[in-house]
Amino acid sequence: MANPIFANLPTTVFEEMSGLARASGAVNLGQGFPDDPGPAAIRAKAADAVLNGYNQYPPMAGLAELRQAVAGHYGRTQGLDLDWQSEVTITSGATEALAAAFLGLIEPGDEVICFQPLYDSYLPMIRLAGGVAKLVRLEPPHWRFTREMLEQAFSPRTRLVVLNNPMNPTGAVLPADDLALLAEFCVAHDAIAVCDEVWEQVVFDQARHRPLIGFPGMRERTVKIGSAGKMFGLTGWKVGFLCAAPALTHALSRAHQFLTFTTPPNLQAAVAWGLENSGDWFETMPRELQRSRDRLAAGLRREGFAVLDSQGTYFLNVDLADSGVAMADRAFCLQAVREAGVAAIPVSAFYEAAPVSTIVRLCFSKGDATLDAGIERLARARELARRAPQAAT
Ligand code: PMP
Ligand code: GLN
């Protein structure tokens with residue numbers, strides 16, 4: 001009686017692990033959200049907009065002031081020249097933007113190239129649109145694709161390529177050479193790139209985010225997706241940005257029209273204000289997160305964990321096998337949350353086929369005390385797993 005695309009899905013791993021953490025009072029380094037409440041001035045603007053602003057339906061494509069602010073922000077920070085009226089649509093989070101891109105651009109039977117590990121909303125929505133996913137499997141420690149992998153994945157039926165950069169869960173930021181390679185394939189195969197760039201402002205070590213839409217030949221064939229939730233550390237706000245050339249935007253906005261139609265106007269107004277008055281936020285926010293990343297990485301290394309590089313996002317990963325743990329990631333995470341009081345995310349959950357199952361993702365957008373407690377408990381989880389490697393597999 002139900003559509004198997006959804007009826008057969010498990011609850012998302014983020015919800016599952018946060019639920020277990022809540023039930024047992026565990027330190028939650030699983031689901032990606034900051035424990036800081038977010039910039040006070042932006043929250044004050046939202047409160048003011050609720051009390052004194054307009055609370056009826058805003059324009060379908062978003063408030064003009066926010067669409068202008070998004071175009072302005074990407075002009076300043078990424079050198080893009082977007083026309084706010086014909087190329088920017090506001091959505092209810094990147095999740096809706098992704099759904100609009102898949103529903104608006106895929107025709108039944110079209111092939112859609114996706115890189116595993118992949119964010120959990122992609123495949124169900126691609127399939128709902130009738131798309132056929134072609135999975136490219138990436139591996140630690142670098143999580144990079146090669147020309148050979150792209151040659152195998154692209155075909156005459158390729159319609160879309162979905163790229164998440166910076167990448168959740170790996171924390172990888174693609175080098176310019178890899179982006180240029182993907183752009184070359186998109187142009188040669190007349191494919192559209194759907195770029196999930198929600199982590200674009202969360203990059204470390206002085207790196208600068210490079211949008212695929214800025215590469216030769218990509219301006220007319222890229223859908224660029226952003227999220228205020230990640231830009232301002234307000235993950236519950238669900239204000240997303242869809243940017244694409246006018247012909248693509250036309251189709252995207254028609255899908256958006258029947259997904260949510262609009263996004264809360266008060267939150268849109270506050271995000272517009274935040275983008276126009278960001279001060280040094282986009283320097284201090286990643287600098288602070290980098291400090292937290294380094295604190296967690298150093299603590300974990302002291303306890304014997306093998307820590308992989310994290311160049312962006314709220315996440316770093318540990319390799320269980322290289323940390324002396326012979327347990328699969330999911331079993332380790334279940335034991336960690338139940339017996340050691342710390343929640344983490346098994347990276348195998350981001351694969352549909354042939355999972356890499358030795359990697360565990362940890363969220364570091366937390367205060368020092370939470371990180372320190374997490375390190376101590378993860379050390380306990382490692383000891384438990386090393387003592388009884390078979391127990392929970
Ligand atoms: N894509 C990726 C890669 C994400 O990590 C997230 C959220 N963590 C989203 C999309 C969803 O973003 P939003 O909350 O704006 O819907
Ligand atoms: N994107 C967040 C993460 O990766 C979770 C979002 C969600 O729970 N759907 O942790």
Side-chain angles (χ1 to χ4, degrees), residues 9-22 28-35 38 62 66 70 89-102 114-126 138 143 162-174 193-203 209 211-212 223-243 256 259-260 263-264 267-268 271 274 289 310-317 333 337 343-351 359-366:
L9 283 178
T11 305
T12 81
V13 69
F14 310 116
E15 191 72 21
E16 179 190 14
M17 290 298 166
S18 283
L20 288 170
R22 273 192 297 273
N28 191 353
L29 302 187
Q31 195 172 32
F33 60 90
D35 57 5
L66 178 54
V70 168
T89 311
I90 306 305
T91 58
S92 293
T95 308
E96 196 221 338
L98 286 158
F102 299 143
C114 300
F115 298 96
Q116 298 189 99
L118 38 70
Y119 190 63
D120 60 354
S121 79
Y122 298 171
L123 290 181
M125 299 313 291
I126 288 168
L138 305 181
W143 313 99
V162 187
L163 180 69
N164 176 213
N165 183 46
M167 192 187 207
N168 177 9
T170 67
V173 172
L174 280 188
V194 174
C195 293
D196 177 347
E197 301 186 350
V198 300
W199 297 102
E200 61 201 340
Q201 295 296 154
V202 190
V203 292
H209 174 72
L212 191 65
V223 178
K224 172 179 170 58
I225 294 174
S227 172
K230 302 302 188 293
M231 285 183 172
F232 293 112
L234 296 161
T235 60
W237 274 28
K238 307 295 277 190
V239 176
F241 319 134
L242 256 177
C243 304
H256 161 68
L259 280 167
T260 58
T263 297
L267 297 183
Q268 290 194 50
V271 171
L289 282 166
S310 163
Q311 303 159 299
T313 76
Y314 293 161
F315 311 114
L316 65 72
N317 290 279
C333 289
V337 70
I345 300 287
V347 165
S348 59
F350 295 76
Y351 287 79
I359 308 291
V360 167
R361 190 195 83 173
L362 300 164
C363 176
F364 53 76
S365 56
K366 307 289 173 187

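Each ligand, and each atom within it, is numbered from 1 in the order the structure gives. Any value given below was found using the heavy atoms of this structure, including those in side chains, with hydrogens, waters and symmetry copies removed.
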I'd like to check whether Ala94 has a polar contact with ligand 1, where a contact means an N/O of the residue lying under 3.5 Å from an N/O of the ligand. yes
Which atoms of ligand 1 sit under 4.0 Å from any heavy atom of Gly93? 15 (O), 16 (O)
pair Val347-Phe315: side-chain heavy atoms closer than 4.5 Å: no
The atoms of ligand 1 lying under 4.0 Å from a heavy atom of Trp199, numbered in the order shown, are 3 (C), 4 (C), 5 (O), 8 (N)
To check your reading of the model: name the closest protein heavy atom to atom 14 (O) of ligand 1, its residue, and the distance in Å. Lys238 NZ, 3.1 Å
Heavy atoms only: which of Leu98, Thr235, Asp196, Asn165 lies closest to atom 3 (C) of ligand 1? Asp196
What part of Glu96 sits under 4.0 Å from ligand 1 if we count only heavy atoms: the side chain, the backbone, both or neither? neither
For Arg361 and ligand 2, answer yes if some heavy atom of the residue is under 4.0 Å from a ligand atom, otherwise no. yes
Are a donor atom and an acceptor atom from the side chains of His256 and Glu96 found within less than 3.5 Å of each other? yes
Where Cys363 and Gly30 come nearest, the two heavy atoms and their spacing: CB-O, 3.7 Å
If hydrogens are left out, which of Tyr314, Tyr119, Phe315 has an atom nearest to atom 1 (N) of ligand 2, that is, the closest non-hydrogen atom? Tyr119
Any N or O of Asp120 that comes nearer than 3.5 Å to an N or O of ligand 2? no
Between Gly226 and Val198, which heavy-atom pair has the shortest distance, and what is it? C-CG1, 4.3 Å
Any chance you could lay out the side chain to side chain donor-acceptor pair (under 3.5 Å) test for Asn317 and Thr170, step after step, and finish with the verdict? CA-CA 7 Å; Asn317 290 279; Thr170 67; 5.8 Å; no
Return the minimal non-hydrogen interatomic distance between Leu138 and Tyr351, and the atom names on each side. O-OH, 2.7 Å
In this structure, CG of Leu66 is separated from CZ of Phe241 (nearest 0.5 Å) by 5.5 Å
Backbone N or O of Ser18 within a donor-acceptor pair of the Gln31 side chain at under 3.5 Å? no
Do Val202 and Pro166 come close enough that some side-chain heavy atom pair is under 4.5 Å? no
What protein heavy atom is closest to atom 4 (C) of ligand 1, reported as residue, atom name and distance in Å? Tyr119 CE1, 3.5 Å
Can you tell me which residue among Asp120, Asn168, Ile359, Leu118 is in a side-chain contact (heavy atoms from CB on, under 4.5 Å) with Phe350? Asn168
Pick one of side chain, backbone, both or neither for how Thr95 approaches ligand 1, counting any non-hydrogen atom pair under 4.0 Å. both
N/O of Lys230 under 3.5 Å from N/O of ligand 1, yes or no? yes
So is Ser92 polar-close to ligand 1, meaning N/O to N/O under 3.5 Å? no
Among all protein heavy atoms, pick the one closest to atom 7 (C) of ligand 2 and tell me residue, atom and distance. Phe14 CD1, 3.6 Å
Which ligand 1 atoms does Asn164 reach within 4.0 Å, using its non-hydrogen atoms? 3 (C)
Please classify the Asn168 to ligand 2 contact at 4.0 Å (heavy-atom distances, strictly less than): side chain, backbone, both or neither. side chain
What residue and atom, counting heavy atoms only, is the protein's closest point to atom 2 (C) of ligand 2, and at what distance? Gly32 N, 4.1 Å
side-chain hydrogen bond (donor to acceptor under 3.5 Å, both in side chains) contacts in which one or both residues fall within residues 229-241, not counting sequence neighbours: Thr95-Lys238
Does the N or O separation between Gln31 and ligand 2 drop below 3.5 Å for any pair? yes
